[in-house]
Amino acid sequence: MSGKESPVPLLKDGKRHDGRGPMDLRPIEMKIGILHNADGSAWLKIGKTEVVAAVYGPREPPMKGMVLPDRAVIRCRYHMAPFSTEERKNPAPSRREIELSKVIREALEATILTHLFPRTVIDVFVEVIQADGGTRTAAITAASLALADAGIPMRGLVAGVAVGKVQGKLVLDIDELEDMYGEADMPVAGIPTLNKIVLLQLNGVIEPHEFPQALKMAWEGIKKIHALQKKVLATKYGGEQ
Amino acid sequence: MSITPFNIPIIPKLKRETILSLAKRGTRIDKRRLDQYRPIKLTLGVAGKAHGSALAEIGNTKVMAGVKVEVGRPFKDLPEMGVLNVNVELLPLASSEFEPGPPDENAIELARVIDRALREPGVVDLSDLVLIPGEKVLVVWLDIYVLDHDGNLFDAAMLAAMGALLNTKVPGYEVREDGSVEVTGPPRPLPVTKRVVSVTIGILGNVFLVDPSLEEEVVSDGKLVFAFDEGGKLVGLQKSGPAWLDLDRAGPAFNLAYSKYKELLDVLEKSIAENSPK
Amino acid sequence: MKQQTEPQRKLVLPGDVVAKGNYTINPKSVMYLYKIDDTIYAAVVGLVEINDNVVTLIPLEGTYIPRPGDIVIGLVENFVITHWQVDINAPYIGILHVSNLLGRPYNPAKDNLKEYLDIGDYIVARIDSFDRTKDPILDVQGKGLGRITEGKIVEIKPSRVPRVIGKKKSMLNVIKGDTGCDIVVGANGRIWIKCPNKDLEDIVTLAIKLIEREAFTSGLTEKVRVLIATEKHERGLI
């Protein structure tokens, strides 16, 4: 969406620049409980995008007054490591990171049963270790695993993925190149077990009839990612099954 | 870091119930239909020293936008493009909830949603703002000033932004032989290639409210902001607030927004027509 | 497939449908299950048991949330006019009133509180009352409750406490029996051990850490027995 030409064709004979078909996700790996200090943690890699999420709490508020009488306060930070991008990123929070921290927090507020922990704070910290497209949806997917790992009650696991438009065609799970030179990027996150959307954004231009189509594609991806989340959780507690 | 707002006034539960039960009967506190906008007004050229300006009013909500065009450097990776900067100030005079200080996450989100809806479809032809490629380009500063907050800041800000851009006269910069830039020629209109408007839908449980007032926003779970260009293409979308949305309700929300964008476009067209020399 | 005779415990994940129809949630599990219409969903990773249409979920992770009646081990961290504030490894501070500790009204002019309890002391306490809107009130009047003056405190994840205790205290009895140590397991993940000697104290610590680490593996009791026996042998205790 930079207005420049892509150095490689984004779509050729129905294949994307990395050989994927339009509906293929990048390879995904997930791990939970990877950090010692956090109450819950998760690591997620999708293609070359890599994030780490940590959850602390519910715990006492870090300062007096940062409380709600009827539910927990959620603090959320989406942050990119300075070395996560081609050129070093200034570690001070950018406007983009501030916005994404907000939309991720709001997505998680929809699933966390905050009313169970009045007067407490739940912290969700996500660090992007490597950015190659789809970092906010990877962040949500990892954060949701970290919340499960911390035993924080949720309405359901949240998974996310972006649908993009390249060379006039909708494709699932765009990477950085497709994001940079494509026509649109629509990140979606949701709770598949309840069919609820908790994050929805569009950066780019799509035709009106493409909106329901893009959403449907995203949901297919979300269901696949959700199945992987369940697998990694069940494996950890496999001894009990 | 984003923190759940905790310094918020307590909302009487009764209020939400009232708005919900009215909605079930297809009406609202201020007697509007669920899909009805409050009166919309757009006035162009409201700030004399700005190169372009506009004041958008939706009901009691008032948002002003001002444009200043300056000479500056292009981005390194886009040497042959001018620069568009969008900033939003939630002024403390607009609401008891707004505090003075640098833009908070709400102001930043609003600015970025507007920015994307302008940038992605190429509303301003930035390639037409180059003085010396790679060295000197025109920088368009679009500052959005929220003056009075009575809900639906996104649509009002979008309308004010669009009005201000269309109202903008770029000083007649010319490049001298020695590479210096001076204003010599007559001003020209900013190259605006298309119009964009946004339609905001408040989400309240299962109910959709077009153009939520502040009273409705505070009891809402969140909102959906759809931005359309004049041809009806979707050029931006943002779920804002902790609401969730049923998967099968996303389509109806989109259709509802799509059915409304022309109304805002009409307001925009009309105010431009009124402003253009006869 | 093995035939199950006992009521089956099933692993569930957040969002899983646990039961549909005429079921109720065990009051002990209200934090871990939620209901929409007639469907009960899991909210955390846990083990679900359904008995007589009552759904119970035992969480496998999570912070300690006080429940009246729980025995906890607290760390005294502050004193405010009439009460101590006690860290009970929960999001809420435990409150211990001076009068409860003394068993009589508090006389600020006469009572030198440091004689009874000081900042940095551990206590064994019972959660007297708690409803999440007010901080939990602690009670130290009763057998085995009060200031801790000897032994060692081991901390584990609160969700692993049931494993350390075991079914009908089986695990706890193994550790006690094989080491001769006295052990008080706080519901908040703090365990107080009192042993005849330092070596046995270390062995109990190792055993507890093993249980925490391998909580979800099978044959855990046997592993603990072997660990204790090996360690005792290596240290020349047998």
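Every chain is numbered from 1, with letters handed out A, B, ... down the list of sequences.
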- prompt: Run the side-chain contact (heavy atoms from CB on, under 4.5 Å) check on B/L237 and A/L200 step by step: do they pass?
  reply: CA-CA 7 Å; B/L237 166 57; A/L200 182 59; 3.6 Å; yes

task: Go through the steps for A/E183 and B/K233 under the test salt bridge (Lys or Arg N to Asp or Glu O under 4.0 Å), then give the verdict.
output: CA-CA 12 Å; A/E183 295 116 74; B/K233 283 186 181 162; over 6 Å; no

task: May I have the step-by-step check of side-chain contact (heavy atoms from CB on, under 4.5 Å) for B/I3 and A/I74, ending in yes or no?
output: CA-CA 6 Å; B/I3 306 173; A/I74 296 173; over 6 Å; no

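Crowding of B/K194 atom NZ: a count of heavy atoms from other residues, nucleotides or ligands under 6.0 Å exceeding 12. Counting heavy-atom neighbours within 6.0 Å of A/K169 NZ, excluding the residue itself, gives a total of 12 or less. No more than 12 heavy atoms of other residues, nucleotides or ligands lie within 6.0 Å of CD in B/E80, so this atom counts as exposed by the packing criterion. The environment of B/F75 atom CZ is sparse: at most 12 non-hydrogen atoms of other residues, nucleotides or ligands sit within 6.0 angstrom.
Looking at B/S127, there are no atoms closer than 4.5 Å to chain A (heavy atoms on both sides), in backbone or side chain. Only the side chain of B/L224 has a heavy atom closer than 4.5 Å to any heavy atom of chain A. Contact of A/R71 with chain B is made through the side chain alone, with heavy-atom distances under 4.5 Å. Contact of A/P212 with chain B is not made at all, since no heavy-atom distance falls under 4.5 Å. For A/Y78, no part sits under 4.5 Å from any heavy atom of chain B, backbone or side chain. Residue A/V73 touches chain B through both its backbone and its side chain, counting heavy-atom pairs closer than 4.5 Å. Heavy-atom distances place the backbone of A/V67, and not its side chain, under 4.5 Å from chain B.
A pairwise comparison of heavy atoms in A/L215 and B/A250 identifies CD2-CB, 3.2 Å as the closest pair. Among all heavy-atom pairs drawn from B/A111 and A/R95, the shortest one is CB-NH2, 3.3 Å. Closest non-hydrogen pair, A/E109 versus B/P242, comes out as CB-CB, 3.8 Å. Looking at every heavy atom in both residues, B/G241 comes nearest to A/K102 through N-NZ, 4.3 Å. In terms of heavy-atom proximity, A/A110 sits nearest to B/A243 at CB-O, 4.3 Å. The shortest heavy-atom contact between B/K239 and A/E106 is NZ-O, 3.9 Å.
A salt bridge links B/R112 and A/E99; the closest N-O separation between the charged side-chain nitrogens and carboxylate oxygens is under 4.0 Å. Here A/R105 pairs with B/E105 in a salt bridge; the nearest charged N to carboxylate O distance falls below 4.0 Å.
Atom CD1 in B/I108 sits 11.0 Å away from atom CG in A/L100 (nearest 0.5 Å). In this structure, the separation between OG on B/S240 and CG on A/L199 is 10.5 Å, given to the nearest 0.5 Å. With rounding to the nearest 0.5 Å, the separation of CZ in B/R249 from NZ in A/K196 is 10.0 Å.
Here B/G236 is the residue among B/P103, B/G236, B/G251 with the most heavy-atom pairs under 4.5 Å with chain A. Each of A/H79, A/R77, A/M186 has some count of heavy-atom pairs under 4.5 Å with chain B, and the biggest count is that of A/R77. If you tally non-hydrogen atom pairs under 4.5 Å between each of B/Y258, B/F254, B/F226 and chain A, the highest count goes to B/F254.
Side-chain contact between B/E109 and A/I98 is absent, with no heavy-atom pair separated by less than 4.5 Å. At least one side-chain heavy atom of A/W219 sits less than 4.5 Å from a side-chain heavy atom of B/L247. Contact of the A/I197 side chain with the B/W244 side chain is not registered, since no non-hydrogen atoms from C-beta on lie closer than 4.5 Å. In this structure, B/L234 and A/V205 have side chains that are not in contact, with every pair of non-hydrogen atoms separated by 4.5 Å or more.
Tested against B/R116 for a side-chain contact (heavy atoms from CB on, under 4.5 Å), the candidates A/L202, A/D185, A/N203 yield a single pass: A/N203.
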